[in-house]
Amino acid sequence: MPEGPQVARYARLQRDVLLGKRVRVDSPNGRSDDVSDILDGLVLRGIEPIGKHLLYDFGKERYLHIHLGRFGNFHFGEMPLPEPRGTLRLRMYTRTHWFELRGAIAIEMFDDDRKAALVARIGPSPLDADADPQRAFAKISASESPIGLLLMDQSIVAGIGNIYRSEILFIHGVHPKNPGRSLDAKTWAAMWHDLVRVMKDGERIGRIVTTDPADRAKPKGAVRREDRFYVYRRTGLPCRHCGTAIETGLMATRNVFWCPHDQPEHARIRSSKAKRSR
DNA sequence: GCTAAATGTTGAT
DNA sequence: TCAACCTTTAGCT
């Protein structure tokens, strides 16, 4: 159930123990035999997150491309391997560590061309220190489409998903239906700054918490879901800033959440000062 | 036990 | 705009 930061976290954890190693690859339920037949026993040279995609470099134009979709995730641990359970699509393991993959929407081989095509169509990522937020703003500020849609477009900004979308718009007082064109450069700069902050936090701790910085340090389970977010899935609950009931709507089949008081509709240009507090 | 919903993308209409 | 694909879990009965 990942947005960009969780994907990047998986890449980091796997790099730590798999890189440079001869990796065993198998597909207990048989669905990815085509991939494991090619990769089993090869040396893993690199793992690169590209937005929400993962690319594993096994040399000689042999890249494993994984996209977790909405439901995919990895389980991992130290050897020995656990008994395969459920719909286990792919396992990667060494003498010391194992990773189990379930629910991914894409598990396939890429060559150099397909890798290049992927890299070319993914926009700048807030998790990438070299990313150019202006590249994204050029597209956003030229568009009549609602900002809530533009932020989900992976060719404009990489790694944002349905949670970060609603949360960042609340933090900056922008209604999701406002057109991209109505966003000023200053607000975008502040928004990018906060995207970097909350997404890096997500990468570090492995889950999404956009609210109180103190909550971000707490262990998993210590913070209720409704306390981890300003607006996401808080329909009808009071806004943590002003108390107004949070509203929800559909945007391209995905639920989006906002505070009708703090995020006025109609492209009103407002100060970029971030809101925080309950 | 069944149904709906959930942090996503692609390709056809 | 819609349907398809992937799996688990929450909330019902």
Side-chain angles (χ1 to χ4, degrees), chain A residues 1-11 27-35 49-55 64-75 84-91 99-108 110 114-115 117-123 125-127 145-146 148-171 176 195 198-211 216 220-221 223-236 248-258:
Chain A
M1 313 132 178
E3 298 194 23
Q6 286 111 316
V7 172
R9 176 185 171 84
Y10 284 136
S27 175
N29 77 347
R31 289 285 305 274
S32 296
D33 282 343
D34 55 336
V35 163
I50 299 170
K52 298 172 187 168
H53 301 255
L54 286 167
L55 274 189
L64 168 61
H65 170 241
I66 291 177
H67 195 294
L68 297 175
R70 256 191 294 191
F71 316 131
N73 67 354
F74 285 99
H75 290 122
R85 260 194 302 277
T87 41
L88 182 46
R89 285 288 297 278
L90 198 75
R91 276 191 307 201
F99 290 85
E100 292 182 340
L101 174 59
R102 290 179 172 79
I105 196 166
I107 301 176
E108 60 192 345
F110 266 22
R114 294 194 72 185
K115 177 187 175 181
L118 173 65
V119 170
R121 75 181 158 81
I122 298 294
S125 165
L127 290 174
S145 297
L149 273 188
L150 298 172
L151 289 179
M152 293 280 280
D153 182 338
Q154 301 297 301
S155 71
I156 295 180
V157 189
I160 296 179
N162 207 29
I163 300 180
Y164 286 121
R165 178 241 314 245
S166 283
E167 293 293 289
I168 201 71
L169 288 171
F170 172 84
I171 290 170
L195 281 170
V198 296
M199 290 172 74
K200 277 190 175 168
D201 283 344
E203 197 277 342
R204 189 160 41 79
I205 68 181
R207 69 188 191 286
I208 303 177
V209 180
T210 58
T211 50
R216 282 176 233 148
K220 199 168 184 170
V223 189
R224 289 178 304 172
R225 189 187 70 203
E226 66 187 62
D227 292 334
R228 289 162 51 196
F229 311 122
Y230 287 110
V231 290
Y232 177 73
R233 289 232 254 168
R234 285 175 50 86
T235 310
T248 186
L250 278 180
M251 193 167 263
T253 76
R254 309 298 301 279
N255 292 314
V256 63
F257 307 84
W258 68 88

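Letters A, B, ... mirror the listed sequences (proteins, then strands); counts begin at 1. In this text the structure is predicted, and so the values were computed from the model without any measurement.
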Ignoring hydrogens and geometry, is there a side-chain-to-backbone donor-acceptor pair from [X] to [Y] under 3.5 Å?
X	Y	value
A/Gln154	A/Ile160	yes
A/Arg234	A/Tyr230	yes
A/Asn162	A/Asn255	yes
A/Arg207	A/Gly202	no

Give a yes/no answer on whether the side chain of A/Lys52 brings an N or O atom under 4.0 Å of OP1 or OP2 in B/dT9.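 Answer yes for this pair, as a side-chain N or O of A/Lys52 is under 4.0 Å from OP1 or OP2.
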
Under 4.0 Å: is that the gap between some side-chain N or O of A/Arg228 and OP1 or OP2 of B/dT7?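 Result: no.
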
In whole angstrom, what separates [X]'s [atom1] from [N]'s [atom2]?
X	N	atom1	atom2	answer
A/Arg254	B/dA6	CZ	P	9 Å
A/Leu118	B/dT10	CG	P	8 Å
A/Glu108	B/dT9	CD	P	14 Å
A/Met251	B/dA6	CE	P	16 Å
A/Arg114	B/dT9	CZ	C1'	13 Å
A/Arg85	C/dT8	CZ	C1'	14 Å
A/Ile50	B/dT9	CD1	P	13 Å
A/Leu151	B/dT7	CG	C1'	15 Å

Need to verify one output field. Residue with the more 5' nearest nucleotide on DNA chain B, A/Arg233 or A/Thr253? A/Arg233

With rounding to whole Å, what would you report as the distance between [N] and [M] at their [atom1] atoms?
N	M	atom1	answer
C/dT9	B/dT9	C1'	22 Å
C/dT8	B/dT10	C1'	22 Å
C/dC6	B/dG1	P	24 Å
C/dT1	B/dT7	C1'	23 Å

Considering non-hydrogen atoms only, spot the tightest contact between [X] and [Y] and give its length.
X	Y	result
A/Lys115	A/Leu55	CG-CD1, 3.3 Å
A/Tyr10	A/Phe74	OH-N, 3.5 Å
A/Leu68	A/Val7	CD1-CG2, 4.2 Å
A/Met199	A/Ala158	CE-O, 4.0 Å
A/Glu3	A/Ile163	OE2-N, 2.7 Å
A/Ile208	A/Gln6	CG1-NE2, 3.8 Å

With the criterion being N/O to N/O and under 3.5 Å, what pairs connect the protein with nucleotides 3-7 of chain C, and how long is each?
{"residue": "C/dC6", "atom": "OP1", "partner": "A/Arg31", "partner atom": "NH1", "Å": "3.2"}
{"residue": "C/dC6", "atom": "OP1", "partner": "A/Arg31", "partner atom": "NH2", "Å": "2.3"}

Check: A/Pro5 and A/Leu127 side chains under 4.5 Å, non-hydrogen atoms: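 Yes, close enough: below the 4.5 Å cut-off.
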
Evaluate the side-chain proximity of A/Glu167 to A/Arg228: yes if any heavy-atom separation is below 4.5 Å, no if none is. no

Where along residues 152-167 of chain A does a heavy atom fall under 4.0 Å from DNA chain B? A/Gln154, A/Gly161, A/Asn162, A/Ile163

Listed pairs, N/O of protein and of nucleotides 11-13 of chain B, under 3.5 Å:
none

